[in-house]
Amino acid sequence: IGAALLWVGWFGFNAGSALEANGYAVLAFLNTFVATAASILAWSIGESVIKGKASMLGAASGMVAGLVAITPAAGNVGIAGALVIGTLAGFACLWGVNGLKRLLGADDSLDVFGIHGVGGILGALLTGVFNSPNLGGPSAVADWVTVSMITPDAYTIAGQVWIQLKAVLLTVVWSGVVSVIAFKIVDLVIGLRVPEEEEREGLDIA
């Protein structure tokens with residue numbers, strides 16, 4: 001029920017970002033639906049192959065993966081692009097919570113990085129690909145930094161993916177530095193971990 005409500009609320013998040021009832025809002029709404037549905041199917045198929053059967057938890061996780069991945073692209077790609085982004089997000093995030101998590105040895109009980117991190121990075125990079133007018137993206141792209149319009153003939157996929165990659169790397173560095181500082185402060189003040197005895201007893205009780 002919570003996952004279903006999240007999906008409903010996400011329409012307001014993505015389509016509502018247009019700030020008016022226009023074509024971009026409609027496109028964002030449709031893309032949010034298509035990508036999320038594709039991601040659920042992809043995750044379920046991948047889980048069936050890996051574990052022998054799909055699960056409801058997997059479907060809900062696939063849903064979140066699709067929502068996260070399409071968010072940067074929602075109003076900036078065509079419906080076919082959203083379908084591809086959602087499908088790839090389902091498979092990529094399934095790997096993120098299984099393979100990548102083990103590879104990093106991460107203590108991530110809620111699979112936040114595997115779903116939000118992997119899905120967000122994938123969606124941000126693929127926005128640069130499917131934003132192309134040749135692949136069904138908007139015919140004119142707004143450059144929000146200089147508040148100018150880029151004509152379709154001036155658009156290059158490589159150029160936009162490079163811009164997206166720089167944004168992703170900046171976000172990773174910013175998040176990493178701020179997190180290290182925050183964790184260090186917490187560690188010095190109260191400590192990052194509770195005693196083992198309290199872990200065994202149960203954090204709710206402690």
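Atom set for the values below is all heavy atoms of this structure, side chains included, hydrogens, waters and symmetry mates excluded. Just so you know, residue 1 is the first one in the sequence shown, and it goes up from there.
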Looking at every non-hydrogen atom in both residues, tell me the closest pair between S44 and A54 and how far apart they are. O-CB, 3.6 Å
Do the side chains of F91 and T87 get nearer than 4.5 Å, heavy atoms only? yes
Hydrophobic cluster membership, L104 vs V118, 4.5 Å side-chain cutoff: yes
Can you check whether V77's main-chain N or O pairs, donor with acceptor, with N31's side chain at less than 3.5 Å? yes
Within residues 33-56 or reaching into it, pairs that qualify as ring-ring contact (aromatic ring centres under 6.0 Å, His included) - sequence neighbours excluded: W7-F33
Got F113 and L100 here, is their nearest side-chain heavy-atom distance under 4.5 Å? yes
Within the distance-only criterion (no hydrogens, no angle test), does the side chain of D108 pair as donor or acceptor with the backbone N or O of V112 below 3.5 angstrom? yes
So V161 and V129, do their side chains get closer than 4.5 Å, heavy atoms only? yes
What closest approach, in Å, do V68 and H116 show between heavy atoms, and which atom pair accounts for it? CG2-ND1, 3.4 Å
Cluster overlap V26 with F11, hydrophobic side-chain contacts below 4.5 Å: no
Restricting to non-hydrogen atoms, name the atom on Y24 and the atom on G75 that form the minimum distance, rounded to 0.1 Å. CD2-O, 3.5 Å
Looking only at side-chain N and O atoms, does Q160 offer a donor or acceptor that is under 3.5 Å from a partner on S132? no
Answer yes if W174 and V168 sit in the same cluster of Ile, Leu, Val, Met, Phe, Trp and Tyr residues linked by side chain heavy atoms under 4.5 Å apart, and no otherwise. no
Sub-3.5 Å donor-acceptor pair from the side chain of E198 to the main-chain atoms of A206, do we have one? no
Joint cluster assignment, V173 & I163, ILVMFWY side-chain distance < 4.5 Å: no
How far does CD1 of I85 sit from CD1 of I70, to the nearest 0.5 angstrom? 4.5 Å
Closest non-hydrogen contact found for A92 with L122 is CB-CD2, 4.1 Å
Please report the closest heavy-atom contact between A28 and N14, naming both atoms and the distance. CB-O, 3.8 Å
Contact between R102 and N98 at the side-chain level, heavy atoms closer than 4.5 Å - yes or no? yes
Are any of the side-chain heavy atoms of L6 and M63 separated by less than 4.5 Å? yes
Test side-chain contact (heavy atoms from CB on, under 4.5 Å) applied to L135 and I157, step by step: CA-CA 10 Å; L135 296 175; I157 291 175; 3.9 Å; yes
Membership question, hydrophobic clusters at under 4.5 Å side-chain separation (ILVMFWY): are V8 and F13 in the same one? no
Is any side-chain N of the basic residue among K101 and D111 closer than 4.0 Å to the acidic one's carboxylate O? yes
Rounded to the nearest 0.5 angstrom, the CG-CG distance for N76 and N131 is 5.0 Å
With no hydrogens and no angle check, do the side chains of W10 and T71 hold a donor and an acceptor under 3.5 Å apart? yes
Check: K53 main-chain N/O paired with S48 side-chain donor or acceptor under 3.5 Å: no
Identify the heavy atoms of I115 and V64 that sit nearest to each other, and give their distance. CG2-CG1, 3.7 Å
Beyond-backbone contact of S175 with T171, side-chain heavy atoms, under 4.5 angstrom: yes
Within this structure, what is the CG-CH2 distance for the pair L125 and W162, rounded to the nearest 0.5 Å? 11.5 Å
Distance in Å, I40 CD1 paired with L67 CG, rounded so as to fall on 0.5 Å steps: 8.0 Å
